[in-house]
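Worksheet for the structure shown next.
For the numbers below, each heavy atom of this structure counts, side chains included, while hydrogens, waters and symmetry mates do not. Throughout, residue positions are numbered sequentially from 1 according to the sequence presented. These figures come from a predicted structure and were not determined experimentally.
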Amino acid sequence: MDNTQGRVGASGTTRAQRDTQATIFCVLVVAICFMLYIPLSADGHNLDIVHQVPEGHVGVYWRGGALLKTITSPGFHLKMPLITRYEPIQVTIQTDKVRDIPCGTKGGVMIFFDKIEVVNRLRKEYVYDTLLNYGVTYDKTWIYDKIHHEINQFCSSHTLQEVYTDMFDQIDEQMKEAIQADCTRYAPGIEIIGVRVTKPTIPATIARNYERMEEERTKVLIAIEKQKVLEKEVETQKKMAVTEAEKDAHVSKIVMAQKLTEKESIKMQQEIENEMYLARERSLADSYFYKVMKEAEANRLKLTPEYLELRFIEAIANNTKMFFGDKVPNMIFDQRLLGNFLTGTLRSMPKQSEKLTQ
């Protein structure tokens, strides 16, 4: 019986030990799960062992307050709880919005920029140096505070008219260049991609004046556009008139060229006809000359004293005049007169032949 009670006591002790071990094991499992999945970040530390770096970020670590050079890429990573602190740092393009920026113009008018957006990016290779020098809130130093400074610098050196109207389209570019210049010099890892500036808020009385100015400017622009339209219409009509005149001139030139060609053709035709006429007349003249020469030669052969005497007698015989009276002319019977006539005729024949030959 004592043995039985001893065995029961030993069995109870063993069961109690097992329960205690199971309880301790459950506590350890719960503690591990708590440390793995439930971070405690109230004091800047966390108790998780496994942590996740999201896409577009890199993991940065501090141990005992000192920044470590370890930079992790997106994914799951391990760290020592309570000792090592972790922060995800974005290395993709992000937009920082700076709101409610007061500034005073050169003339002393206070205006407000409701919102200025700065598109920027932290280069991955400069993450350690940037955080080492300026901390996790580096963008407060080089973007938020810098925007306030540059806007006030710009406003203080320009009038309200320049800030609100004349140079408003240049503010964003000037802000970008100014911020990038200082970042390149002091924080080269920060890249300023763009700056968007909203229209500033000005006092209501001044705003009404600007509205009236814009209305008048709009009217002037409308008048200018109407004038441009009229000028374009006049210019179009002028171009049409010039085109029509050029067309008429071109047609007239073609007609003149055609008439000139016709005149040249007529001229050539006339020249050909003239040449034909001259050739024909020359041929007729040559023929007539040849005829006269032959007749002269024949006459020279005919002009013998006997033939001339015969012709003289025939001429006297053919005279139809009748003479009445006591004295009849003795011309017919004057042999001396007949001889003189024949001699003069024979002498004149060679001279006539020479003239015909020439």
Side-chain angles (χ1 to χ4, degrees), residues 119 158-159 161-177 180 192-199 209-303 311 344-358:
V119 182
H158 295 88
T159 63
Q161 175 69 22
E162 293 174 341
V163 175
Y164 192 73
T165 305
D166 297 342
M167 300 182 64
F168 178 74
D169 58 338
Q170 305 175 19
I171 297 178
D172 50 359
E173 192 65 27
Q174 291 191 18
M175 293 299 104
K176 177 180 179 296
E177 292 176 357
Q180 185 63 71
I192 305 300
I193 299 174
V195 176
R196 295 188 293 268
V197 181
T198 58
K199 202 74 170 177
N209 292 335
Y210 272 103
E211 290 175 359
R212 286 194 292 268
M213 288 174 58
E214 286 299 324
E215 290 178 359
E216 296 298 328
R217 185 176 301 171
T218 303
K219 292 179 181 178
V220 172
L221 291 176
I222 292 174
I224 293 174
E225 290 300 323
K226 288 182 178 179
Q227 183 177 358
K228 288 182 178 179
V229 171
L230 293 175
E231 291 177 355
K232 285 293 182 182
E233 291 178 354
V234 173
E235 185 178 356
T236 302
Q237 293 177 359
K238 181 180 178 181
K239 288 182 178 179
M240 291 176 63
V242 171
T243 304
E244 190 69 22
E246 290 177 352
K247 183 184 72 174
D248 294 341
H250 187 63
V251 172
S252 177
K253 185 178 179 181
I254 294 174
V255 172
M256 290 295 293
Q258 183 179 1
K259 290 182 178 180
L260 182 61
T261 304
E262 292 177 357
K263 293 293 183 181
E264 290 179 351
S265 299
I266 295 173
K267 180 182 176 182
M268 293 177 64
Q269 184 178 358
Q270 191 67 36
E271 290 177 353
I272 294 172
E273 291 179 355
N274 292 338
E275 291 178 358
M276 292 174 63
Y277 176 77
L278 290 174
R280 184 170 59 252
E281 292 297 325
R282 190 180 295 112
S283 177
L284 292 175
D286 291 341
S287 300
Y288 179 73
F289 176 75
Y290 181 76
K291 177 183 178 182
V292 172
M293 288 295 296
K294 288 300 181 179
E295 289 179 353
E297 185 178 354
N299 290 332
R300 189 172 59 250
L301 294 175
K302 288 180 180 181
L303 292 177
R311 295 291 294 176
T345 304
L346 290 173
R347 287 177 180 177
S348 63
M349 286 299 296
K351 294 181 179 179
Q352 293 179 357
S353 299
E354 290 178 0
K355 289 181 180 180
L356 292 173
T357 304
Q358 292 176 354

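- A heavy-atom distance below 4.5 Å is not found between the side chains of Met175 and Asp172.
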Please output the side-chain donor-acceptor pairs of residues 255-267 that fall under 3.5 Å, not counting sequence neighbours, one pair per line with the distance.
from, atom 1, to, atom 2, distance (Å)
Thr261, OG1, Ala257, O, 2.7
Ser265, OG, Thr261, O, 2.8

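- Residue Lys199 qualifies as enclosed at atom NZ: its count of foreign heavy atoms under 6.0 Å is above 12.
- Annotation for Thr165 and Arg217: closest pair CG2-NH1, 3.7 Å, computed over non-hydrogen atoms.
- With rounding to the nearest 0.5 Å, the separation of CE in Met240 from NZ in Lys247 is 10.0 Å.
- Without hydrogens or angle criteria, Gln170 side chain to Met167 main chain gives no donor-acceptor distance under 3.5 Å.
- Note that CG of Asp169 is 9.5 Å distant from CD of Gln174, once rounded to the nearest 0.5 Å.
- A salt bridge does not link Glu216 with Arg212: none of the charged nitrogens is closer than 4.0 Å to a carboxylate oxygen.
- For the atom pair CG (Asn209) and CE (Met213), the distance works out to 8.0 Å, reported to the nearest 0.5 Å.
- Judged purely by atom type and a 3.5 angstrom limit, Thr243 uses its side chain to pair as donor or acceptor with the backbone of Lys239.
- Shortest non-hydrogen contact noted between Val163 and His158 is CG2-CB, 3.8 Å.
- Distance alone, capped at 3.5 Å, is enough to place a donor-acceptor pair between the Thr236 side chain and the Lys232 backbone.
- Taking CG from Leu284 and NZ from Lys291, the interatomic distance works out to 11.5 Å, rounded to the nearest 0.5 Å.
- Between Tyr164 atom OH and Ile171 atom CD1 the span is 11.5 Å, to the nearest 0.5 Å.
- Once rounded to the nearest 0.5 Å, the distance linking CZ of Arg280 with CE of Met276 reads 6.5 Å.
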